[in-house]
Amino acid sequence: MTSRAEKRKVLVTGGTSGLGRVIATAFAAAGDDIIICSRTKADCDRVAGQISTTNPGLCTGIVCDLVNVGAISALAREVAERFGTLHLLVNNAGTVAPGPLEGVREQDWDRVVDVNLKAVFFMTQQLAPYLRKAASADWPASVINIGSFAGTRVGPRPHYPYTAAKAGLRYLTQSLAKELAGDHVKVNAIALGVFPQDSVIMREYSEEALDVIRQRIPAGRFGEPSDIIGLIQFLASRASSYITGATIPLDGGMHI
């Protein structure tokens, strides 16, 4: 994943399941040191142990409720104690609350927007000092925000707080990129299409509904782990050092 002799220090939110686990495992397989965070200690310990056992990179699990800014600050302090610097932050954690207009409750709205948007800001804010410390003009540090095609177009089902949060994520990515570019920290987002490993979204759909969706994807298939790993490897590498503030579609052409 990198030609550096030095191990990269990587943090992946929502890293105990779904695409977060896929991403964390890929970096650990390259020998990098990983922190994954989740709300449940048992999940953090179990998944971190499994990743560390089967890959050369060390994986550590830290409990963090991302809707709580105080918990994010505590996580940042633990990153400082364990790593001192941070080369890559992957803001991957997400949640949904689908439902019709009349069915959206205030607590659902707040939870979805807090996890998908607010947490991204405060994670980046709190970890920026350690990203700056790791960064250089020759090899920038990186923030990668996992967004969704739902933030760029209206999908077949109503997801009011989710789509609002993911649309906001595009502009938050641009604002953070502009702020941090002078510190050699690049900030980009990925607008995901349909990935079977995305447990947040895929649990909503029946096999019949998925077949209909697949037929509407120009590429004729759903996303695979290698698709997202390849793009994240690129965005985390020196090869993308002149790319910041971008939201890159990874959807098989669904945005067309």
Side-chain angles (χ1 to χ4, degrees), residues 12-24 36-44 47 63-72 75 89-125 144-173 175-176 189-214 216-217 222-223 228 247 249-251 254-255:
V12 182
T13 68
T16 60
S17 64
L19 290 174
R21 181 168 179 168
V22 168
I23 294 165
I36 56 174
C37 65
S38 180
R39 290 179 299 171
T40 306
K41 185 177 188 304
D43 288 343
C44 284
V47 175
V63 177
C64 182
D65 185 356
L66 294 174
V67 304
N68 185 313
V69 177
I72 292 174
L75 173 63
L89 166 62
V90 182
N91 286 306
N92 163 78
T95 189
V96 296
L101 177 64
E102 294 80 6
V104 177
R105 302 176 300 171
E106 181 180 8
Q107 58 264 41
D108 295 331
W109 180 280
D110 290 345
R111 176 174 57 86
V112 172
V113 173
D114 282 355
V115 172
N116 290 286
L117 185 61
K118 175 183 171 182
V120 173
F121 174 80
F122 284 103
M123 284 290 294
T124 307
Q125 178 201 66
I144 301 174
N145 298 325
I146 304 300
S148 171
F149 77 96
T152 62
R153 58 176 292 187
V154 177
R157 294 188 179 185
H159 286 84
Y160 289 101
Y162 182 78
T163 54
K166 292 302 187 182
L169 184 63
R170 296 176 61 201
Y171 294 96
L172 177 60
T173 296
S175 297
L176 292 170
I190 299 173
L192 288 183
V194 183
F195 280 73
Q197 297 78 19
D198 187 351
S199 56
V200 170
I201 295 294
M202 297 298 285
R203 63 191 178 202
E204 297 179 46
Y205 295 97
S206 66
E207 287 299 322
E208 293 78 10
L210 290 174
D211 285 339
V212 172
I213 293 171
R214 186 186 292 107
R216 295 176 179 173
I217 301 173
F222 295 144
I228 190 168
T247 296
L250 187 65
D251 60 10
M254 293 178 71
H255 67 284

Results of side-chain contact (heavy atoms from CB on, under 4.5 Å) for Thr40 - residues two or more places apart only:
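Applying side-chain contact (heavy atoms from CB on, under 4.5 Å) to Thr40 gives Ala42, Asp43.
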After noting the C-alpha distance and the side-chain angles of Thr124 and Leu89, does the key distance pass the side chain to side chain contact (heavy atoms under 4.5 Å, CB included) rule?
CA-CA 8 Å; Thr124 307; Leu89 166 62; 3.9 Å; yes
Could you measure the distance from the [atom1] atom of [X] to the [atom2] atom of [Y]? Nearest 0.5 Å is fine.
X	Y	atom1	atom2	answer
Ile36	Ser17	CD1	OG	9.5 Å
Lys166	Leu172	NZ	CG	11.0 Å
Asn91	Leu66	CG	CG	8.5 Å
Phe121	Asn145	CZ	CG	12.0 Å
Tyr171	Leu176	OH	CG	15.0 Å

Between [X] and [Y], which heavy-atom pair has the shortest distance, and what is it?
X	Y	value
Arg111	Val96	NH2-O, 3.7 Å
Ala93	Gly14	CB-N, 3.8 Å
Leu250	Phe195	O-CE1, 3.6 Å
Gly94	Asn116	CA-OD1, 3.2 Å
Gly193	Phe149	CA-CD2, 3.6 Å
Gly223	Pro196	O-CD, 3.1 Å

Does [X] use its side chain to pair, donor to acceptor, with the backbone of [Y] at less than 3.5 Å?
X	Y	result
Asp65	Arg39	no
Asp251	His255	yes
Asn68	Ala71	yes

Is [Y] close to [X] at the side-chain level, that is, under 4.5 Å between some pair of heavy atoms?
X	Y	result
Val63	Ser38	no
Phe122	Gln125	yes
Met123	Leu75	yes
Val113	Tyr162	no

For the side-chain contact (heavy atoms from CB on, under 4.5 Å) test, which of [options] pairs with [X]?
X	options	value
Val115	Thr13, Asp110, Val120, Thr95	Thr95
Tyr160	Val104, Asp108, Val112	Val104
Ile190	Ile146, Val90, Leu19	Ile146

Take a 6.0 Å sphere around CD of Gln107 and say whether it holds more than 12 heavy atoms from other residues, nucleotides or ligands.
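For Gln107, atom CD is crowded (more than 12 foreign heavy atoms under 6.0 Å).
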Between Arg214 and Asp211, does any NZ, NE, NH1 or NH2 come within less than 4.0 Å of an OD or OE carboxylate oxygen?
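Yes.
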